[in-house]
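Below is one structure; the comments refer to it alone.
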Amino acid sequence: MFGPNMNSVPDAAIVPGTVLIPMRFVWKHGGNSVYLCGSFTQWSQLLPMLPVEGCDNVFQTVYGLMPGYHQYKFYVDGQWRYDESQHHESGEYGTVNTLLLATDYMDVDNEAFRRMTVTMQAQVADGPVTEVVPGISDADLQASRQRISVFLSTHTAYELLPESGKVVALDVDLPVKQAFHILHEQLGSHASNLTEEELETHTISAWKEEKAYSNRQNDLHGRAFPRRLIHASPYDNLKDVVLKILQNEVATVPIIHSSSEDGLFPQLLHLASLSGILKCVCRYFKHCASLLPILQLPICTIPVGTWAPQIGESNRRPLAMLRPSASLSSALNLLVQAQVSSVPIVDDNDSLLDVYCRSDITALARDRAYTHINLDEMTIHQALRFGQESYPPYEPRSQRCQMCLRSDSLHKVMERLANPGVRRLVIVEAGSKRVEGIVSLSDIFKFLLG
């Protein structure tokens, strides 16, 4: 059928200017000798696939593909096979697996590809490798971190203040129902079954007391320990603001200023966030990126973000994901138990469909949906339709499903995270959009500050 050459080397050399995306191909159905062949080798060469250590019947290999449509099959013990669990269709060579690499995921450079391919091939041959930072010395890494630390230490929160803007502040004695609707109306769609009476009578301060009790933040008499307000002044340096956000695990820090010496009548000027601070960093180093060698490294080569376990890895914590048919209660429980701010919603092949975030809970205020839903019966798909009916189902929206590739540079990832409203990027496999990990704003700053 084909003219395989067992000893040949792929002749699809990397031509300068050609964009190649490293793809991991996996065969999970056993065999003694397994090869990969496809349209990307002109159906004329067999690429050997190596067994995964500690994982019986699984073989894998890594190969660089150009953007576009590809077909491939597996040559297992002398027989041509296709993987029924992956996308497949009938073609010139019978039933084949197919892959579409869209051009909007393809803006990576060949140097980054070569660095990443070396790492991935090492993983294929030797199993998971320890997390290192290849292509950069420890001295350069520390120098990059030092320069960022100096920048943050010598710039103040005053630089974050916009010329104009709106800050939403709520009275702690406000009924939860009113606060719920205000958040939805003011912030959009960026718990338990509560009755209308509970929403009318419970106050924000009462919920804060209950949260402190559930977290065991109480004294011997059951009273919640008073928690001081985490805030900053306009003259605090940005590094201190970042550390306050990270150490206290809050999303924003209010910038407060009082014109009186006794500190009375403080004014709320702004809400500082990691996104705004990261934007300052990106703007400052935009034209002197050479001062920070780490910015050019692909994110897959540095210890940043949360990654799904690779085949054969058993010591890595699974990445929390859910199917669209899962109940809304399971999503809320996972957000709390896994202590994450969002959960990727994926199909049966773990390809990204959407993301369910803590902020999506406020969408239930729309048309008072919370009064007539059962969290165990409503699916995530149904919940996501609240406030999003103008979008086709499962279509990743620009602000909701911000994605990146494992080959994207740290600088590129930072610039995307610096955009307003973007708190995290879902790392996906090019073409299939299979979820490989998540990188958040806090992940970036924890790495940058060491």
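Using a cut-off of 4.0 Å between Lys/Arg side-chain N and Asp/Glu carboxylate O, Asp408 and Arg416 are scored as salt-bridged. With salt bridges taken as basic N to acidic carboxylate O contacts below 4.0 Å, none links Arg323 and Asp347. Taking the charged nitrogens against the carboxylate oxygens, Lys244 and Asp236 do have a contact shorter than 4.0 Å, which makes a salt bridge.
Remark: the backbone N or O of Lys412 is not paired with any side-chain donor or acceptor of Glu415 at under 3.5 angstrom. Asn248 contributes no side-chain N or O that, together with a main-chain N or O of Val250, makes up a donor-acceptor pair within less than 3.5 Å. Of the possible donor and acceptor atoms, one in the side chain of Gln86 sits under 3.5 Å from a partner among the backbone N and O of Val26. In this structure, His411 contributes its side chain and Ser409 its backbone to no donor-acceptor pair below 3.5 Å. Side-chain atoms of Thr154 come within 3.5 Å of backbone atoms of Val150 as a donor-acceptor pair (strictly under, hydrogens ignored). Judged by distance alone, with hydrogens and angles left aside, the side-chain atoms of Ser39 form a donor-acceptor pair with the main-chain N or O of Gln71 at under 3.5 Å.
Annotation for Phe151: atom CZ counts as buried by contact number, over 12 foreign heavy atoms lying within 6.0 Å. Counting non-hydrogen atoms of other residues, nucleotides and ligands closer than 6.0 Å to CD of Glu89 gives a total above 12.
For the pair Tyr75/Arg81, no side-chain contact is recorded, criterion being any heavy-atom separation below 4.5 Å from C-beta on. Inter-residue side-chain proximity for Ile427 and Trp307 is flagged as met; some heavy-atom pair is nearer than 4.5 Å. Side-chain atoms of Leu160 and Cys280, non-hydrogen and from C-beta on, do get closer than 4.5 Å to each other. Residues Leu268 and Ile255 are not in side-chain contact: their nearest non-hydrogen atoms beyond the backbone lie 4.5 Å or more apart. Inter-residue side-chain proximity for Pro344 and Ile438 is flagged as met; some heavy-atom pair is nearer than 4.5 Å.
Considering CZ of Arg423 and CG of Leu417, their distance stands at 12.0 Å, rounded to 0.5 Å. Once rounded to the nearest 0.5 Å, the distance linking CE of Met414 with CZ of Phe285 reads 8.5 Å. Leu405 contributes atom CG, which lies 10.0 Å from atom SG of Cys300 (distance to the nearest 0.5 angstrom).
Screening Asp240, Leu441, Val253 for a side-chain contact (heavy atoms from CB on, under 4.5 Å) involving Ile245 leaves a single residue, Val253.
Side-chain atoms of Arg24 and Gln60 form a donor-acceptor pair, as typed in the model, at a separation below 3.5 Å. In the model, Ser440 has a side-chain atom that pairs as donor or acceptor with a side-chain atom of Asp443 under 3.5 Å. A donor-acceptor contact closer than 3.5 angstrom is absent between the side chains of Asn237 and Ser153.
The aromatic rings of Phe40 and Tyr72 sit tilted relative to each other, their planes meeting at an angle between 30° and 60°.
For the pair Arg147 and Tyr284, the cation-pi test (distance below 6.0 Å, angle within 45°) is failed.
Residues passing the salt bridge (charged side-chain N to carboxylate O under 4.0 Å, His left out) test with Lys446: none are found, sequence neighbours excluded.
Contact detail for Phe445 and Leu274: the closest heavy-atom pair is CE1-O, 3.5 Å.
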